[in-house]
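These notes are about the structure you will find just below.
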Amino acid sequence: MQIESNLPSTIDVEARLDQIAKRYKSAGGVGINVLNVIGGSAEGLIDKLPSPVRSNLESATVKALGQAMKAATSTRSMVPDQKSWLNQAVSAAMGAAGGAGGLPTALAELPVTTTLLLRVIQGVAVEHGFDAHAENVQFDCVQVFSAAGPLSEDDGADLAFLSARVALSGRAMQAVIAKVAPRLALVLGQKLAAQAVPVLGAVAGAATNYAYTSYYEDMAHVHFGLRKLAIDADVPHEELVERLRAKVGLRKIA
């Protein structure tokens, strides 16, 4: 898909990059509140999960992503994209329900929340003028899940996802999902562990889902904002990524 640019000479690239950089910097802020709620750190969350759950996280993530892609795309003609506050409220309610019963209900809620997150990402793509039904845009929507996650302190990984590319052939979407799944499995594992905190499960579930929805919406704005800017200003995407990295104080990708 291509978006026509009417007046490329009038584009203020630096101003647009400043807006994107501001969105990126604010993306992980809500995740700090989640860690405060559960009284722990992101590093040790995965270790709190039972061994069978940890060992099956990646396969469960692949399954959840596959289901989410089908459900999110098929519902677009029936359910319109919602306002940001409503998406966050619905997500928080689902997280509370998932956390109320501990790990079993949190696992059952996982595919539903993944679908909602993907719908949020698709909505952002549409907001920036892209067609959510286009295959390459669907690839980009899934690719947003390669960001480090709202509970991570690895800022470099947050921007690395913007430059990631998959050599696609044959079953292309499966290839994208397989590439994204290892990163997302760790992120979703942190979510499950937070929801399984004794007594605080429902509260932590609501806070976690709110943080995840806010985070991936922001990352989607960063991702598709750069894509749109590259088209509007006729500047190579790779150049914009490096300029963004400089603005947020990160070193050039090796």
Do [X] and [Y] have side chains that approach each other closer than 4.5 Å (heavy atoms only, starting at C-beta)?
X	Y	answer
Arg16	Gln19	yes
Val235	Leu229	no
Val144	Val124	no
Leu17	Leu226	yes
Gln88	Val120	no
Glu217	Ile121	no
Met173	Glu135	no
Leu240	Val13	yes

Do you reckon [X] sits in the same ILVMFWY cluster as [Y], going by side-chain contacts under 4.5 Å, direct or chained?
X	Y	result
Leu117	Leu107	yes
Tyr212	Val90	no
Val176	Leu186	no
Phe139	Met69	yes
Tyr24	Tyr215	yes

Practice prompt. Step by step, work out the side chain to side chain contact (heavy atoms under 4.5 Å, CB included) result for Leu110 and Lys191.
Written response: CA-CA 9 Å; Leu110 193 62; Lys191 167 180 148 56; 3.7 Å; yes

If you take all heavy atoms of [X] and [Y], which pair is closest and at what distance?
X	Y	value
Val137	Ala132	CG1-CA, 4.1 Å
Ile20	Gly225	CD1-C, 3.7 Å
Asn209	Met94	ND2-C, 4.0 Å
Ser91	Leu116	CB-CD2, 3.4 Å
Arg183	Ala148	NH1-CA, 3.9 Å
Pro150	Ala211	CB-O, 4.1 Å

Rounded to the nearest 0.5 Å, what separates atom [atom1] in [X] from atom [atom2] in [Y]?
X	Y	atom1	atom2	value
His237	His223	NE2	NE2	6.0 Å
Lys22	Asp218	NZ	CG	11.5 Å
Ile231	Ile11	CD1	CD1	11.5 Å
Lys179	Ile177	NZ	CD1	13.5 Å
Leu188	Thr61	CG	OG1	5.0 Å
Leu244	Asp18	CG	CG	9.5 Å

Between [X] and [Y], is there a donor-acceptor pair closer than 3.5 Å when you use the side chain of the first and the backbone of the second?
X	Y	result
Ser55	Pro52	yes
Gln195	Gly95	yes
Thr208	Ala204	yes

Worksheet item: What is the ring orientation for Tyr216 with Phe145, classed by angle as parallel under 30°, tilted 30 to 60°, or perpendicular over 60°?
Response: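 Aromatic pair Tyr216/Phe145 classed perpendicular.
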
Worksheet entry | Qualifying side-chain hydrogen bond (donor to acceptor under 3.5 Å, both in side chains) pairs, either residue in residues 67-82, two or more places apart |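 Those involving residues 67-82 are Thr73-Gln122, Thr75-Arg119, Arg76-Asp81, Arg76-Gln122, Asp81-Arg119.
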
Fill in: Verdict with supporting geometry, Leu103 and Leu49, side chain to side chain contact (heavy atoms under 4.5 Å, CB included)
CA-CA 9 Å; Leu103 193 55; Leu49 291 173; 4.0 Å; yes

Fill in: Ion pair check, Glu127 and Lys228, cut-off under 4.0 Å
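No, this pair does not count.
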
